[in-house]
Amino acid sequence: MPEKMNAGPAEQSAPAKIEKLAAVKGMNDILPPDSARWEWLEDKVRALMARYAYRNIRTPILEHTQLFVRGIGEVTDIVEKEMYSFEDRSDKHGDHDHLTMRPENTASVVRAVTEHNLLYDGGKRLYYMGPMFRRERPQRGRYRQFHQIGAEALGFAGPEVDAELILLAVALWKELGLSDWRLEINSLGQPDERALHRAQLIAHFEQHADLLDEEAKRRLHSNPLRILDTKNPAMKSLVESAPRLIDFLGAESLAHFDGLKAILDANGIAWTLNHRLVRGLDYYNLSVFEFVTDRLGAQGTICAGGRYDYLIGQMGGKPAPAVGWALGVERVLELIKEEGAFGELPVPDAYAVVPESSALPVVLKTLQALRSAGISVQMHASTSPGGMGSMKSQFKRADGSGAQFALIFGEAELAEGCVAVKPLRGEKDGSSTAQTLQALDDVAAWAGMLRSSPMV
Ligand code: ATP
Ligand code: MG
């Protein structure tokens, strides 16, 4: 394998040594047994999305940089400083593509929906899961490669779909055993309403210019609403005394917001109105919401979303309303850990002990039949060539695997066309420890007895 996969011609002549075999800063490996928790969460999400009739969409990780600049907005943290962008090698016409690793998935979903004309026959409900990339300062709950699960409902205008999405998230928290969260909501109204508010907001901040930090000064005229989203505690009171967007909303916007609140109330979902909730991305209007927890320190937002009725049109598609949310998988998993709600980790039903390597052909054939019958079996395999290892070490591994049963493919048993099935956990849980003999040619008849409780 070449040492540097992407080396251009110049680098190739002087192969660079890999200094340190370590993952890139802020990007993590997801290893067993943790990966089983990821799968557990993903399975729950898939099942839940199916119940709400949301369908899976998978878009490429690389997109044209322009997609995110236009879709997310130039004056945002993401576009200003967090994107992993590069110039692709030129194609045969000598053109260079400017590409970016997706920092979020909504812009790509909108692109795909437009490119494939998915809204031709009405709205679409979609969900995605996968890695996103932002060059942020890595810390607890904030990584450079992180994962989002998102749901988007495109082509629907009413507050009932905003509510449906929030109810979907609430159902997910319930499935995951999470109760330590709260829902914050706000309405950003429509662009003309925001323009009125914007003028007063700028005036308010200008009156207290001495209290603004550098970032706020920079955003004062480009994106003053974003100042409300500041994480700087020194600006807290200034932001709290700022004019409230809700006071600038007209009847239609308020009715939309009331529609959402009425459905939440009817479903017994507590919410708080957060006037400072404006979201980091430019494209939102009307409802915005966040699910927040106090259990995760500074990175307490586990899920965030809102309505973006102008994005599709702004990106060149036929204008259509839309609403969606994205949750941070790492943060949600961390919260599950805090609340202790994980299911049990997977263990094999059985562990195959193989005293002599001459038995291997029969062993693999039998295990194949067991696995076809739905039984999970871990086969003993030797770590060094020649021989299978002592029975003692094999049983130690069988025990360590967590399996309920050992299948012993001993010479004497095999001579009788059988395998010995030995319960491994009997002493611990009080069930039978009696070893039985089972016929190799009739696995279907006894496979079921090996099945232990499935992972919850
Ligand atoms: P924050 O204010 O924490 O930076 P954001 O507004 O940039 O969040 P969104 O773009 O709305 O985040 O993404 C939705 C969710 O994805 C967030 O609520 C969070 O749970 C998660 N998330 C965002 N950035 C990261 C990251 N760098 N590492 C881990 N999770 C993240
Ligand atoms: Mg951010």
Side-chain angles (χ1 to χ4, degrees), residues 37-59 104-110 112-113 116 118-130 132 147-179 181-185 256-257 259-271 279 284-293 301-309 311-312 320-329 331-333 335-336 341 343 456:
R37 302 191 169 113
W38 283 70
E39 291 184 312
W40 173 81
L41 178 135
E42 288 159 4
D43 287 349
K44 297 247 179 214
V45 168
R46 282 191 193 100
L48 196 65
M49 292 294 178
R51 273 184 262 151
Y52 285 76
Y54 280 66
R55 305 295 172 221
N56 187 228
I57 181 166
R58 303 173 190 220
T59 62
E104 54 96 56
N105 214 340
T106 300
S108 314
V109 166
V110 166
V113 160
H116 305 289
L118 289 191
L119 301 184
Y120 77 99
D121 63 347
K124 281 278 174 301
R125 292 173 165 88
L126 302 170
Y127 80 93
Y128 59 81
M129 26 185 156
M132 309 296 155
H147 297 75
Q148 283 184 340
I149 293 173
E152 317 274 4
L154 306 108
F156 306 105
E160 65 277 10
V161 184
D162 312 37
E164 172 182 277
L165 277 159
I166 291 176
L167 292 172
L168 167 51
V170 169
L172 180 60
W173 310 144
K174 193 164 171 225
E175 278 284 314
L176 301 176
L178 297 177
S179 53
W181 51 266
R182 60 179 188 280
L183 171 64
E184 299 187 346
I185 59 175
H256 196 279
F257 200 32
L260 169 62
K261 292 189 281 194
I263 298 172
L264 295 179
D265 290 343
N267 280 276
I269 294 166
W271 48 268
R279 307 287 313 115
Y284 290 105
N285 70 307
L286 293 173
S287 326
V288 285
F289 51 89
E290 286 192 356
F291 290 91
V292 188
T293 178
T301 303
I302 53 172
C303 176
R307 191 159 265 288
Y308 50 95
D309 292 340
L311 183 64
I312 300 176
V323 51
W325 54 245
L327 66 81
V329 177
R331 293 186 195 178
V332 169
L333 286 169
L335 186 58
I336 300 175
V456 230

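The residues of the chain are indexed from 1 along the displayed sequence. Only heavy atoms go into these numbers, but all of them, side chains included; no hydrogens, no water, no symmetry mates.
Between V45 and M129 there is a side-chain heavy-atom pair separated by less than 4.5 Å. For the pair M49/L168, a side-chain contact is recorded, criterion being any heavy-atom separation below 4.5 Å from C-beta on. Using a 4.5 Å heavy-atom cutoff, the side chains of N105 and Y127 are not in contact. Two residues are said to be in side-chain contact when any heavy atoms from C-beta on lie closer than 4.5 Å; L335 and F291 fail this criterion. The closest side-chain heavy-atom distance from I149 to L172 is not below 4.5 Å. Put simply, the side chain of L126 reaches to within 4.5 Å of the side chain of V113, judged on heavy atoms. With contacts defined as side-chain heavy-atom distances shorter than 4.5 Å, the pair V110/Y308 qualifies. V170 places none of its side-chain heavy atoms less than 4.5 Å from the side chain of N267.
With sequence neighbours left out, W38 forms a ring pair (Phe, Tyr, Trp, His ring centres under 6.0 Å) with H147. Annotation: side chain to side chain donor-acceptor pair (under 3.5 Å) contacts of K261 (sequence neighbours excluded): none. Considering only residues two or more places apart in sequence or on other chains, R46 meets the salt bridge (Lys or Arg N to Asp or Glu O under 4.0 Å) condition with D43. S287 meets the side chain to side chain donor-acceptor pair (under 3.5 Å) test with D162; sequence neighbours excluded. By the side-chain contact (heavy atoms from CB on, under 4.5 Å) test, A153 pairs with Y54, R125, F156, V161, L165, V323, sequence neighbours left out.
Y128 and A326 get closest at one heavy-atom pair: OH-CB, 3.5 Å. Heavy atoms only, all atoms of each residue included: I263 and A163 are closest at CG2-CB, 3.6 Å. Among all heavy-atom pairs drawn from A322 and I312, the shortest one is CB-CD1, 4.2 Å. Closest heavy-atom contact between A320 and G155: CB-CA, 4.3 Å. Across every non-hydrogen atom of T59 and S108, the tightest pair is OG1-CB, 3.5 Å. Closest of all the heavy-atom pairs between Y52 and L167 is OH-O, 3.8 Å.
Residue I185 holds its CD1 atom at 12.5 Å from CD of E290, rounded to the nearest 0.5 Å. Note that CD1 of I302 is 6.5 Å distant from OG1 of T293, once rounded to the nearest 0.5 Å. L154 contributes atom CG, which lies 10.5 Å from atom CG of D309 (distance to the nearest 0.5 angstrom). Note that the CH2 atom of W325 and the CD1 atom of I166 stand 11.0 Å from one another [nearest 0.5 Å].
Under a 3.5 Å cut-off, the side chain of R307 and the backbone N or O of G158 do form a donor-acceptor pair.
Counting only residues at least two apart or in different chains, side-chain hydrogen bond (donor to acceptor under 3.5 Å, both in side chains) contacts with residues 167-176 are absent.
Dense packing is recorded around CZ of R182, with more than 12 heavy atoms of other residues, nucleotides or ligands lying under 6.0 Å away.
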